[in-house]
Amino acid sequence: MANLLVLGTQWGDEGKGKIVDLLTPAFEVVARYQGGHNAGHTVWVGGRKIVLHLIPSGILHPGTLCVIGNGLVLAPAAFFKETSDLEAQGVAAGPDRIAVSRGAHLIMPWHPMAERVSEDRRGDRKIGTTCRGIGPAYEDKAARLGVRAGDLADLGVLREKIADAAAAKDPLFRAFGLPPLDVEAIYREYAGWAEKLGPYVRDVSLLLDERMALGENVLFEGAQGALLDLDHGTYPFVTSSSSTAGGAATGLGVGPRTIHGVLGITKAYTTRVGAGPFPTELADETGRTIARRGDEFGATTGRARRCGWFDAVAVRYACRVNGVDRIALTKPDVLSGLAEVPVCVGYRYKGERLASFPPEPWVLERVVPEYRSLPGWPESLHGASSPEALPPAFVDYVRVLEDFVGTKVGIVSTGVERGQTVFLDEELRGFVDLARVRAAAAA
Ligand code: GDP
Ligand code: IMO
Ligand code: MG
């Protein structure tokens, strides 16, 4: 039995959805542990595009159980829109396929309202959030004002919790000229969700324990990326949850030793959506060319993603913080044809070379990246599916990245579809049962 944690090593959108969907045949369970519908995980199957937001990216494989852990914040309307969109495409998304932790916090109508107030108040220091109510829902969780999925089991408790939260929020909203919350209307709406969501709600920690005792394998699916982690990211330009490896244990109620390996999903260049420091950003024609070729538009909000060169300082940091065993390198096909591919290998700050990544934005905004320019590869990588199909100049580029990042690359992704992937077997041995993945891809 081997359980694998798959997470992003940059600022999100590294291609986690593609890799999770691809590897799912080697796992019986796929479990999300944090975030909410701020995530947008894209999966392409046979020319058809499916974007998952809340539901784990293993859902397209019929036998797989998909789990939403206590570490998530769940908007019931978004959840049921996603299940019905999936059902419309012939993907079963009922309670026999999806389990929601009773400890998952619900996004309530006042959360997106509070987020708009908070973003407006920041003026030109906005975080540039997805405005899904994610941050305020986590704020209420920490303030012990949250409503959890399990609370829907008792409508008396639900009503009381909504009334309590409204009493706490109303003075704040009044100060911003907003009307008081309509407790009755909110109660009626969530009592309606209670009936629909009830069959999905489970004791997820116990469920995972039972499944693992049967010898089943679990893939833990991270959302966002290490540099958006609430603690280890570029605070305050981060999301409000623990997207790093530690979040998997707390966000699902499993022990740390149930995680046997960590696969870091790493884009061959860097992107960021929303505000915040980005040392290798290319605010020029090259950046726009990469964005165009890489189709870098947000899978959730449709916003243009900022693009820049690969930052080995940042990825090295992410690999350390997460204990990444192997990297899945995505989207190098986008860089084909460049004469030279610069990679950031160090930062200078006030004239000194920094020993490691400084997550503080006021430092990151002022660092001067040091680049090493690597020879590009003229050949197209698009769709390559075997190590022999990789041009030597690209293989050299991968070796140099591995040295700078201090972690081996086990997978190279060369396109959006499952088959557009190169497995470097000797690197992945012990982490993923590739025979099962290959058999499913061939079926
Ligand atoms: P996630 O949030 O990490 O799941 O990533 P997103 O789905 O938000 O963004 C990744 C984008 O890159 C999606 O449009 C994917 O279909 C696409 N993608 C993933 N892997 C590759 C690849 O190797 N090459 C190319 N060209 N596109 C890829
Ligand atoms: P996936 O899982 C990229 C960013 C937002 C904003 C910051 C805080 O698809 O990689 P939030 O709404 O979470 O409070 O916004 O985090 N952000 C993401 N950026 N990919 C994501 O998810 C993101 N989820 C949140 O743009 O800068
Ligand atoms: Mg995404």
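Indexing begins at 1, ligand by ligand and atom by atom, following the structure's order.
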Chemist: What atoms of ligand 2 come closer than 4.0 angstrom to any heavy atom of Gly274?
Modeler: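 Result: 27 (O).
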
Chemist: Please check if any side-chain donor atom of Glu115 sits under 3.5 Å from a side-chain acceptor atom of Thr129, or the reverse.
Modeler: yes

Chemist: Classify the contact between Thr130 and ligand 2 as side chain, backbone, both or neither, using a heavy-atom distance cut-off of under 4.0 Å.
Modeler: both

Chemist: If we set the cut-off at 4.0 Å for heavy atoms, which region of Lys16 has an atom near ligand 2: side chain, backbone, both, or neither?
Modeler: side chain

Chemist: Do any N/O atoms on Glu14 end up under 3.5 angstrom from N/O atoms on ligand 2?
Modeler: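 It does not: no N or O of Glu14 is found under 3.5 Å from an N or O of ligand 2.
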
Chemist: Going by heavy atoms, is Arg305 under 4.0 Å from ligand 1?
Modeler: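 Heavy atoms of Arg305 do come under 4.0 Å of ligand 1.
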
Chemist: Considering only heavy atoms, does His41 approach ligand 2 within less than 4.0 Å through its side chain, its backbone, both, or neither?
Modeler: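 For His41, the contact with ligand 2 is made by the side chain alone.
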
Chemist: Could you tell me whether Trp11 and Phe278 have their ring centroids closer than 6.0 angstrom?
Modeler: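 Yes; Phe278 has its ring centre under 6.0 Å from that of Trp11.
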
Chemist: Are Arg303 and Thr301 close enough, and set up right, to give a side-chain hydrogen bond (donor to acceptor under 3.5 Å, both in side chains), and what steps lead you there?
Modeler: CA-CA 5 Å; Arg303 289 179 291 176; Thr301 58; 2.9 Å; yes

Chemist: Where does Trp11 meet ligand 2, judged by heavy-atom distances below 4.0 Å: at the side chain, the backbone, both, or neither?
Modeler: backbone

Chemist: Give the atoms of ligand 1, by number and element, whose distance to some non-hydrogen atom of Lys18 is under 4.0 Å.
Modeler: 20 (N)

Chemist: For residues Trp44 and Asp21, is any side-chain donor paired with an opposing acceptor at under 3.5 Å?
Modeler: no

Chemist: Which option out of Thr42, Thr129, Ile127 puts a heavy atom nearest to atom 15 (O) of ligand 2?
Modeler: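 When every heavy atom of Thr42, Thr129, Ile127 is considered, Thr129 comes closest to atom 15 (O) of ligand 2.
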
Chemist: Provide, to 0.1 Å, the distance between atom 22 (O) of ligand 2 and the closest protein heavy atom, together with that atom's residue and name.
Modeler: Gln224 NE2, 3.5 Å

Chemist: So, is Cys131 polar-close to ligand 2, with some N/O to N/O distance under 3.5 Å?
Modeler: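 Not met; the criterion fails.
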
Chemist: Let me check your reading of the structure: within less than 2.8 Å of the Mg ion (ligand 3), is there an N/O/S atom from Ala223?
Modeler: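 Given the 2.8 Å cut-off, Ala223 does not count as a ligand of the Mg ion (ligand 3).
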
Chemist: Could you list the atoms of ligand 1 found under 4.0 angstrom from a heavy atom of Gly15?
Modeler: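 Per the distance check, 1 (P), 3 (O), 4 (O), 5 (O).
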
